[in-house]
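Report on the following structure.
Being a predicted model, the structure only gives us computed values, none of them experimental.
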Amino acid sequence: MTEGKSKLALLGGSKAVTQQERDMFTWPILTKEEDKAVLEVLHNRSMSGSDVTMAFEKEFAAWQGVKYAMGSSCGTGALHSAMFGCKVGVGDEIICPSLTYWASCLQAFSLGATVVFAEIEPHSLCLDPKDIEHRITPRTKAIVVVHYLGYPADMDPIMAIARKHKIKVIEDVSHAHGGLYKGRRVGTIGDVAGYSLMSGKSLAAGEAGILTTNDTEIYERAVAFGLYERNNANTMQTEALKPFVGLPLGGYKYRMHQMSSAVGRVQLKHYDARIAEIQKAMNLFWDLLEGVPGIKAHRPPQNSGSTMGGWYAAHGLYQSEALEGLSILRFTEAVAAEGAVCYAGCNAPLHLHALFNTCDVYGHGKPTRIANTDRDLRQPKGSLPVTEQINNHVYGIPWFKHYRPNYIKQQANAYKKVARYYKELLEGDTVKGVVEGSSHLSRR
Ligand SMILES: *Cc1c(COP(=O)(O)O)cnc(C)c1O
C-alpha cells in the first residue's frame, strides 16, 4: 500500500477520532460532597475509628439486600477474610479461574491451603461451570467465582455443583459492583462475597474493600480474623468463637480507613445513577459495532436480566479468523492509531506463574502450592488451553463514563474502519506475537 493512499491512520490516513474529551474517562467522579466528608473524618481525628465505616457497611448491605457487610482495608483483605469465614484451612483446596488477579485466590497459601485452577468460558471470560466438578476432591472447601471484567459468571450451575458437594461459593465482585445475574445482584448469590473498592475499580473508595454475606458464622469468623476490636463478647453468636473474643485470630489487621469509608458513602449514594449512564454509553458502543467482522461484544445477551454493572475496565472479544488471521497486536495498534482507546490483552493466567509453580513462600522446602497439600496439583502449560490463549482474543476498549453519542460514535467508527480496511494491515503483520497479559489490568 502506497503511503498517503490508505484510509487507515496507521498507514498515513486521517484519524477517525478527532474529538478529545478526557473527562469521558475520568473516574471516580468527585464533588465537594467527598471533600466535605473526608475533611470531617480528618478533623474529627477519627481516621482509625469505626463509626463511619459501620454507617457505610449498613448502607452497602441495604444496597445489596444482604444481612451483613464488613469493611476492610482492601479487597485482598475482604477476600482473605471470606476464605477464613468459609473455614478454608490447613490442607484444603479452593477452585478458582486462572484468568484473574492474584487476590482472588493467593491468600489461600497463608491459610495453609492451596489453589486448583479451572477453565473459563471464552464468551464470558468467567469460570466454566463444566470444568469444575471433576476438580473437586475431599479437600475442596470453596469455589471462588470472579465476575470478570464485569460479566456476571454463570451462577446457577455453579451453585448447584457447590450445594451437591457441600462446598462454599465465594464471589469476587471486584469487577462487577452493581451487576445483575438473571435479575439478581452479583455478590448475593454465593455464600459470601468480597469486593475491592480500590480507586481504580468501578465503586471507588480508595484503598478499601468490603465483604457481604447472609451467613452469621461466616460474618463473625471474618470479623474475628482481621478486626479484633469488633470481635466483641456482646455481639458474637458463634459458639466456637466465644472463648476467643477480642483476639485477632488471623494475626491480621484489616480495619478500613475511615477517609475511604467517607468517600465510599458518597460514591455509593450516586452509584446507581452513574452506572446507569455508563451502561447506556457502553451498550451504544457495542450496538454500533454489532455484526462488524472480527469484533464481538463482551456483554451478556440483552433482555437476559444480566448486566455488566459499572463495566469495570471494559474489554471486547476479537475473532482474528474473520479478518484472515490478522494478529490482535496489529489490529489494536491500528485502532489506537485512529485515536481510539484500544489495547491488546487482559490478565496473564495465574497457573503459569512462578508463584504457583516454583516459589517456596513459607520455607517448607518445596513450592507452597504443593507443600500445602498431599499431591502435586500444579498445572503446566497446555493444561488450561482456553485461558492460555485468551489474551490473543481480548482487548481493552474505551470505558465511557458519560453518555455522549457523538463521541462514542467516533470511537466506534475507529474500530469499524479498521475492520473494513483490514486487508491493508495483513502485509505488515509480521508481529504474530503472543500477548502475554499483565499481572494487573491497565488503568485507562
Ligand atoms: C482489585 C482486585 C482484587 C483485590 O482488591 P484490592 O483492593 O486491590 O486488594 C481482588 N480481585 C480482583 C479480581 C481484583 O481485580
Side-chain angles (χ1 to χ4, degrees), residues 79 92-106 108 113-137 139-165 167-176 181 186 189-190 296 298-300 306 315-321 328 345-357 369-370 373 375-395 434-439 441:
L79 287 157
D92 292 337
E93 298 173 7
I94 60 171
I95 294 173
C96 180
S98 174
L99 187 75
T100 185
Y101 174 70
W102 304 112
S104 298
C105 58
L106 187 57
T114 193
V115 184
V116 173
F117 292 107
E119 194 58 285
I120 53 162
E121 304 169 315
H123 71 278
S124 69
L125 308 179
C126 300
L127 203 54
D128 183 347
K130 293 186 294 302
D131 194 52
I132 296 172
E133 206 160 10
H134 68 104
R135 300 184 188 277
I136 295 175
T137 74
R139 291 171 174 270
T140 310
K141 267 286 167 60
I143 301 168
V144 178
V145 180
V146 184
H147 304 291
Y148 192 68
L149 299 174
Y151 202 111
D154 195 2
M155 293 302 289
D156 283 343
I158 295 172
M159 291 309 296
I161 293 164
R163 292 296 170 252
K164 180 175 156 197
H165 294 274
I167 55 183
K168 302 289 187 199
V169 172
I170 299 171
E171 291 181 75
D172 183 346
V173 194
S174 301
H175 294 186
Y181 171 74
V186 296
I189 303 165
K296 199 167 168 288
H298 179 237
R299 62 172 172 180
S306 297
H315 280 64
L317 306 175
Y318 183 60
Q319 296 165 325
S320 66
E321 62 281 7
I328 191 167
C346 50
N347 283 108
L350 294 180
H351 71 283
L352 300 180
H353 199 279
L355 196 36
F356 286 103
N357 284 286
R369 178 95 182 275
I370 55 176
T373 187
R375 63 192 171 106
D376 190 347
L377 41 62
R378 287 177 292 183
Q379 293 160 287
K381 209 173 178 112
S383 58
L384 296 171
V386 179
T387 303
E388 286 167 34
Q389 273 304 312
I390 206 69
N391 272 276
N392 292 306
H393 301 283
V394 177
Y395 49 91
V434 172
V435 180
E436 300 287 348
S438 101
S439 63
L441 293 162

Residues which pass ring pair (Phe, Tyr, Trp, His ring centres under 6.0 Å) with His298, listed by chain and number, not counting sequence neighbours: Tyr151
Kindly say whether His315 contributes a backbone atom to a donor-acceptor pair with the side chain of Tyr395 at under 3.5 angstrom? no
Indicate yes or no for a side-chain donor-acceptor contact from His147 to the backbone of Ala153 under 3.5 Å, with no hydrogens or angles considered. yes
Sequence-distant partners of Asp131, salt bridge (Lys or Arg N to Asp or Glu O under 4.0 Å), two or more places apart: Arg135
How about NZ on Lys168, more than 12 heavy atoms from neighbouring residues, nucleotides or ligands closer than 6.0 Å, or not? no
Between Ile170 and Ala142, the two heavy atoms sitting closest are CD1-CB, 4.0 Å
Gln319: which residues meet the side-chain hydrogen bond (donor to acceptor under 3.5 Å, both in side chains) condition with it, sequence neighbours left out? none
Strictly distance-based, threshold 3.5 Å: is any side-chain N or O of Glu171 a donor or acceptor partner for the main-chain N or O of Ile189? yes
From Ile95 CD1 over to Leu127 CG, what is the distance, rounded to the nearest 0.5 angstrom? 8.0 Å
For the NE2 atom of His175 and the CG atom of Asn347, what is their distance to the nearest 0.5 Å? 6.5 Å
Under 4.5 Å between any side-chain heavy atoms of Leu317 and Leu125, yes or no? yes
Going from CD1 on Ile390 to CG on Leu99, what distance comes out if it is rounded to the nearest 0.5 angstrom? 7.0 Å
Tell me every residue that passes side chain to side chain contact (heavy atoms under 4.5 Å, CB included) with Ala113, counting only those two or more places apart in sequence or in another chain. Val88, Asp92, Ala108
His353: partners by ring pair (Phe, Tyr, Trp, His ring centres under 6.0 Å), with sequence neighbours left out: Trp102
Which residues share a side chain to side chain contact (heavy atoms under 4.5 Å, CB included) with Asn357, sequence neighbours left out: Arg378
Counting N and O atoms only, with roles assigned by atom type, does the side chain of Ser98 sit under 3.5 Å from a partner on the main chain of His351, one being a donor and the other an acceptor? yes
Asp154 side chain to Asp128 main-chain N or O, any donor-acceptor pair under 3.5 Å? no
Taking atom CG of Leu106 and atom CG of Leu350, what is their separation to the nearest 0.5 Å? 8.0 Å
Those residues at least two apart in sequence (or on a different chain) that pass side-chain hydrogen bond (donor to acceptor under 3.5 Å, both in side chains) with Ser104 are Thr100, Asp172
How close do Leu384 and Ala118 get, counting heavy atoms only, and between which atoms? CD2-C, 4.0 Å
Determine whether Lys130 and Pro157 make a side-chain contact, defined as any pair of heavy atoms from C-beta on separated by less than 4.5 Å. no
With Arg369 via salt bridge (Lys or Arg N to Asp or Glu O under 4.0 Å) - residues at least two apart: none
Show your reasoning for whether side chain to side chain contact (heavy atoms under 4.5 Å, CB included) applies to Tyr181 and Asp156. CA-CA 9 Å; Tyr181 171 74; Asp156 283 343; 3.4 Å; yes
Do side-chain atoms of Glu388 reach the backbone of Ser383 as a donor and acceptor pair under 3.5 angstrom? yes
Just jot down the side chain to side chain contact (heavy atoms under 4.5 Å, CB included) partners of Ala162, sequence neighbours excluded, or say none. Ile143, Ile167, Val169
Applying ring pair (Phe, Tyr, Trp, His ring centres under 6.0 Å), name anything that partners Phe356, two or more places apart in sequence or on another chain. Phe109, Phe117
With rounding to the nearest 0.5 Å, note down the distance linking CG in Asn391 to OH in Tyr318. 14.5 Å
Applying salt bridge (Lys or Arg N to Asp or Glu O under 4.0 Å) to Lys381 and not counting sequence neighbours gives none
Sequence neighbours left out, what passes side-chain hydrogen bond (donor to acceptor under 3.5 Å, both in side chains) with Ser124? Give chain and number order. Glu121
Interatomic distance, Glu93 atom CD to Thr140 atom OG1 [nearest 0.5 angstrom]: 5.0 Å
